[in-house]
Amino acid sequence: MTHYNYMLSKNSIQQAYPDWTIHTATDIDTAQTFLNSSLDDNNFYSMFLLDINLVEGTSDESGFELAKSIRACSVYFKTPILFLTFISK
């Protein structure tokens, strides 16, 4: 996802749902840190919106790896995960 598309998506969601807290990560390590912090703090996410390709400009599929980590947590077994990705040519 290009930085422009990423910011457009985040801003669009934030404008539509101003009461939502949105955490964003551009790599799997940062996303995993958010996930671990939510578990440590008992402050759970109500949904996940994941880009399949977390590394811009590659065929990376680390979004799927992150989804596996999310599903491995019992508190997130039924939490919705929505996948999206932008492909530009």
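As the structure is a prediction and not an experimental result, all values here were calculated from the model.
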Say you draw a straight line from CG of Leu35 to CD1 of Ile28; how long is it, rounded to the nearest 0.5 Å? 10.0 Å
What's the shortest heavy-atom distance between Leu50 and Gly63, and which atoms? CD1-O, 3.7 Å
Between Thr30 and Asp27, is a side-chain hydrogen bond (donor to acceptor under 3.5 Å, both in side chains) present by the stated rule, with each step listed? CA-CA 6 Å; Thr30 302; Asp27 61 76; 3.1 Å; yes
To the nearest 0.5 Å, how far apart are CD in Glu65 and CD1 in Ile70? 11.5 Å
For a side chain to side chain contact (heavy atoms under 4.5 Å, CB included) check, start with the C-alpha distance between Phe48 and Leu82, then their side-chain angles and the critical distance, and finish with the verdict. CA-CA 6 Å; Phe48 295 90; Leu82 304 174; over 6 Å; no
Could you measure the distance from the OG atom of Ser46 to the OH atom of Tyr76? Nearest 0.5 Å is fine. 9.0 Å
Are Phe34 and Tyr45 close enough that their ring centers fall under 6.0 Å? no
Chi angles and distances behind the side chain to side chain contact (heavy atoms under 4.5 Å, CB included) call for Met47, Ile81: CA-CA 6 Å; Met47 71 177 289; Ile81 299 175; over 6 Å; no
Rounded at 0.5 Å granularity, tell me how far CD1 in Ile52 sits from CZ in Phe64. 4.0 Å
Roughly how far, to the nearest 0.5 Å, is CG of Leu49 from NE2 of His23? 14.0 Å
Examine Phe44 and Phe77 and state if one hydrophobic cluster contains both, with Ile, Leu, Val, Met, Phe, Trp and Tyr joined whenever side-chain heavy atoms are less than 4.5 Å apart. no
Distance col, row Gln32:CD vs Leu66:CG, nearest 0.5 angstrom, shows 6.0 Å
